[in-house]
**Student:** 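Below: one structure in structure tokens.
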Amino acid sequence: MATITRYPFVAHLRSTTTMHVHHLAGGRVRHSGPGTSFWFRPMSAAISEVPVDDREQSVLVPVRSADLQQLSAAGVVTYRFADPVLAATRVDFAVDVAKGVWLRTPLETVGGMIHGAAAAAVTSTLAGLDLRAALATPPAELATRVTAALAVDERLTAVGVEVVGVRFGLLRPEPDVERALQTPAREVIQQEADRATFERRAVAVEREAAIGQNELASRIDLEARRERLVAQQGANDRREAEEKAAAQAVGVRAEAERTTALAEASAQALRLTGAAEAEAERARLAAYEQASPAVLLALAAREAAGNLPHVDQLVLTPDLLSGVLARLTAGAEDGAR
């Protein structure tokens, strides 16, 4: 807003570049333009200040569709005062010459005009459409049609307002109707989610089956390898036993051959010994044949004495000695003859 400095009998006004100041004194225009600065007399001055920058006005338009359903269109209208002098003459933009503020609420008045014009444009655009068709209208298309309608609206052009642009969001029905309309889509989405869940479970089951098959194949392969290992171990044990048996057989044969050789050598030695003893016996018998009985008796006594037990004391009686001497004498005579 304008900055007013008061002095005795006069005052000074200084405005910004975004505000158009229109100064009347005595019914004549004294100053008019944006960003002006001037001296004036408060008692005779009539000052209006009109913004020339772009302004935005929010609109919320309720609409009834052809099938008697209520919906709302929320948007924003961007406008500016293309003819501020005209606006100052049609709308009360008067400022307090002491404080520099508006005496009324001119922007609310202009905003009401814009809201009414926008409501009329939206209603005419969506007239005759049912709820689904109205909700399917693109916001950009709706904004374009409303902008075109506001650009030629006589109430707005009469106060110097120029519509720069209009933006609309999504059209919204009543909450219960919106939930009812969302239900089919939600069902479709839920069905898609359920199908995705089932597919994921199916994939998981297939993967588990594949894992189980792989584990089973691994176990079968492991058991086959184990079978080959056991068979190889059995073959190795049999071969080791056969080798041990063959080695033992060779040892037994060698021991038998050695024992046989020892037995043959022993038998040969016994045969030679027996032959030698027989030869000696024959020689001894031949010597005995040529010996006299007394000699044989003496030899027999010697042999008997060698085989008799140990005798500590021997008692010889005269009878024994006489008999022995008689036999010795008889033998000597026979030898002499």
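In what follows, residues are counted from 1 in the order of the sequence shown.
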**Student:** To the nearest 0.5 Å, what is the distance between CE on Met19 and OG1 on Thr36?
**Tutor:**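 Spacing of CE (Met19) from OG1 (Thr36) equals 10.5 Å.
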**Student:** Hey, are Arg80 and Glu56 close enough for a salt bridge, meaning a charged N less than 4.0 Å from a carboxylate O?
**Tutor:**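 No.
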**Student:** Measure the shortest side-chain to side-chain distance between Pro42 and Arg6 over non-hydrogen atoms and say whether it is less than 4.5 angstrom.
**Tutor:**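 Touching, per the 4.5 Å side-chain cut-off.
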**Student:** Taking side chain as C-beta onward, heavy atoms only, is Glu240 less than 4.5 Å from Asn236?
**Tutor:**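 Heavy-atom side-chain distance check fails, nothing below 4.5 Å.
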**Student:** Quickly, which of Thr147, Val166, Ile114, Asp54 forms a side chain to side chain contact (heavy atoms under 4.5 Å, CB included) with Thr78? Name it, please.
**Tutor:**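 Single side chain to side chain contact (heavy atoms under 4.5 Å, CB included) partner of Thr78 among Thr147, Val166, Ile114, Asp54: Asp54.
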**Student:** From Glu215 CD over to Glu208 CD, what is the distance, rounded to the nearest 0.5 angstrom?
**Tutor:**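 Result: 10.5 Å between the selected atoms.
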**Student:** Which pairs of donor and acceptor atoms, one on a side chain in residues 125-135, lie under 3.5 Å apart (sequence neighbours left out)?
**Tutor:**
{"residue": "Thr125", "atom": "OG1", "partner": "Ala121", "partner atom": "O", "Å": "2.7"}
{"residue": "Asp130", "atom": "OD1", "partner": "Ala133", "partner atom": "N", "Å": "2.9"}

**Student:** So which atom in Ala151 and which in Thr157 form the shortest heavy-atom distance, rounded to 0.1 Å?
**Tutor:**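 For Ala151 and Thr157, the tightest heavy-atom pair comes out as O-CG2, 3.9 Å.
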**Student:** Check the orientation of His22 and His20. Use parallel for under 30°, tilted for 30 to 60°, and perpendicular for over 60°.
**Tutor:**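 Answer is parallel, since the angle falls under 30°.
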**Student:** Hey, does Thr3 have a side-chain heavy atom less than 4.5 Å from the side chain of Leu13?
**Tutor:**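 No. Closest side-chain heavy atoms not under 4.5 Å.
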**Student:** Going hydrophobic residue to hydrophobic residue with side-chain gaps under 4.5 angstrom, can you get from Val122 over to Val164?
**Tutor:**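 As far as the 4.5 Å side-chain criterion goes, Val164 and Val122 are not connected within one cluster.
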**Student:** So which heavy atom on Pro139 is nearest to which on Phe168, and how close?
**Tutor:**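 In terms of heavy atoms, the two residues are closest at CB-O, 3.4 Å.
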**Student:** Please report the C-alpha distance between Arg172 and Leu71 in whole Å, then the side-chain angles of each, then the deciding distance to 0.1 Å, and finally whether the side-chain contact (heavy atoms from CB on, under 4.5 Å) criterion is met.
**Tutor:** CA-CA 5 Å; Arg172 302 294 298 271; Leu71 67 155; over 6 Å; no
**Student:** Looking at every heavy atom in both Ser58 and His115, which two are closest together, and how far apart are they?
**Tutor:**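 It is O-CD2, 3.9 Å.
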**Student:** Checking Arg207 now: which residues fulfil side chain to side chain contact (heavy atoms under 4.5 Å, CB included) with it, not counting sequence neighbours?
**Tutor:**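 Expected list: Val203.
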**Student:** The criterion is side chain to side chain donor-acceptor pair (under 3.5 Å); which residues satisfy it with Ser65, sequence neighbours excluded?
**Tutor:**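 Scan of Ser65 (side chain to side chain donor-acceptor pair (under 3.5 Å), adjacent residues dropped) gives Asp67.
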**Student:** Using side-chain heavy atoms (C-beta onward) and a distance below 4.5 Å, is Val21 in contact with Ile47?
**Tutor:**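 Counting from C-beta outward, Val21 and Ile47 do come under 4.5 Å.
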**Student:** Going by side chain to side chain contact (heavy atoms under 4.5 Å, CB included), name the residues that satisfy it together with Trp39, two or more places apart in sequence or in a different chain.
**Tutor:**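 If we apply the side chain to side chain contact (heavy atoms under 4.5 Å, CB included) test to Trp39, skipping adjacent residues, the hits are Tyr7, Val10, His12.
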**Student:** Under the criterion salt bridge (charged side-chain N to carboxylate O under 4.0 Å, His left out), I'd like the reasoning laid out for Glu242 against Arg239: C-alpha separation, chi angles, the key distance, then a yes or no.
**Tutor:** CA-CA 5 Å; Glu242 291 175 357; Arg239 183 175 298 176; over 6 Å; no
**Student:** Kindly list each side-chain donor-acceptor pair under 3.5 angstrom involving residues 87-109, sequence neighbours excluded, with atom names and distances?
**Tutor:**
{"residue": "Thr89", "atom": "OG1", "partner": "Val85", "partner atom": "O", "Å": "3.4"}
{"residue": "Thr89", "atom": "OG1", "partner": "Leu86", "partner atom": "O", "Å": "2.7"}
{"residue": "Arg90", "atom": "NH1", "partner": "Ala158", "partner atom": "O", "Å": "3.3"}
{"residue": "Asp92", "atom": "OD1", "partner": "Ala94", "partner atom": "N", "Å": "3.1"}
{"residue": "Asp96", "atom": "OD1", "partner": "Ala98", "partner atom": "N", "Å": "3.0"}
{"residue": "Trp102", "atom": "NE1", "partner": "Glu49", "partner atom": "O", "Å": "2.9"}
{"residue": "Trp102", "atom": "NE1", "partner": "Phe93", "partner atom": "O", "Å": "3.4"}
{"residue": "Thr109", "atom": "OG1", "partner": "Thr105", "partner atom": "O", "Å": "3.3"}

**Student:** According to a 4.5 Å side-chain heavy-atom criterion applied to Ile, Leu, Val, Met, Phe, Trp and Tyr, with indirect links allowed, do Leu60 and Val63 form part of one hydrophobic cluster?
**Tutor:**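 They do not share one cluster, since no chain of ILVMFWY contacts under 4.5 Å joins Leu60 to Val63.
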**Student:** Give a yes or no on whether Val163 and Val52 share a hydrophobic cluster (residues Ile, Leu, Val, Met, Phe, Trp, Tyr; joining criterion: side-chain heavy atoms under 4.5 Å apart).
**Tutor:**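 No, Val163 does not connect to Val52 through the hydrophobic network.
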**Student:** Give, for atom CD of Glu206 and atom CD of Glu199, the distance between the pair rounded to the nearest 0.5 Å.
**Tutor:**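 The CD atom of Glu199 is 10.5 Å from CD of Glu206, to the nearest 0.5 Å.
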**Student:** Measure from the ring center of His23 to the ring center of Phe38 and say whether it is less than 6.0 Å.
**Tutor:**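 Ring centroids of His23 and Phe38 are less than 6.0 Å from each other.
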**Student:** Side-chain donor-acceptor contacts of residues 268-278 below 3.5 Å, not counting sequence neighbours, with atom names and distances?
**Tutor:**
{"residue": "Gln268", "atom": "OE1", "partner": "Arg271", "partner atom": "NE", "Å": "3.4"}
{"residue": "Gln268", "atom": "OE1", "partner": "Arg271", "partner atom": "NH2", "Å": "2.3"}
{"residue": "Thr273", "atom": "OG1", "partner": "Ala269", "partner atom": "O", "Å": "2.6"}

**Student:** Please examine the side chains of Tyr79 and Leu156, heavy atoms only from C-beta on, and report whether any two atoms are closer than 4.5 Å.
**Tutor:**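 Answer no - side chains too far apart.
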**Student:** Does Asp53 pair with Arg55 as a salt bridge, N-O distance under 4.0 Å?
**Tutor:**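 Salt bridge flag = yes for Arg55 with Asp53.
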**Student:** How many angstroms lie between CZ in Arg258 and CG in Leu262, if you round to the nearest 0.5 Å?
**Tutor:**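 Those atoms lie 5.5 Å apart.
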**Student:** Kindly compute the distance separating OG (Ser15) from CD1 (Ile4), expressed to the nearest 0.5 Å.
**Tutor:**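 Taking OG in Ser15 and CD1 in Ile4, the distance rounds to 10.0 Å.
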**Student:** Looking only at atom types and distance, does a side-chain atom of Asn214 sit under 3.5 Å from a main-chain N or O of Ala210, one as donor and one as acceptor?
**Tutor:**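 Yes, because the side chain of Asn214 sits within donor-acceptor range (under 3.5 Å) of the backbone of Ala210.
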**Student:** Main chain of Arg179, side chain of Thr183: is a donor-acceptor contact present, judged purely on distance under 3.5 Å?
**Tutor:**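 Flag set: sc Thr183 to bb Arg179 pair under 3.5 Å.
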**Student:** Where is the tightest heavy-atom contact between Ala45 and Phe40, given as atom of each residue plus distance?
**Tutor:**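 Taking every non-hydrogen atom into account, CB-CD1, 3.6 Å.
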**Student:** Please determine whether side-chain hydrogen bond (donor to acceptor under 3.5 Å, both in side chains) holds for the pair Gln190 and Asp194, giving the CA-CA distance in whole Å, both sets of side-chain angles, and the decisive distance to 0.1 Å.
**Tutor:** CA-CA 6 Å; Gln190 186 63 41; Asp194 294 340; 3.0 Å; yes
**Student:** As an exercise, state the distance from CD of Gln232 to CG of Asp237, rounded to the nearest 0.5 Å.
**Tutor:**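 The CG atom of Asp237 is 10.0 Å from CD of Gln232, to the nearest 0.5 Å.
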**Student:** What closest approach, in Å, do Gly111 and Gln57 show between heavy atoms, and which atom pair accounts for it?
**Tutor:**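 Scanning both residues completely, I find the closest heavy atoms to be CA-OE1, 3.5 Å.
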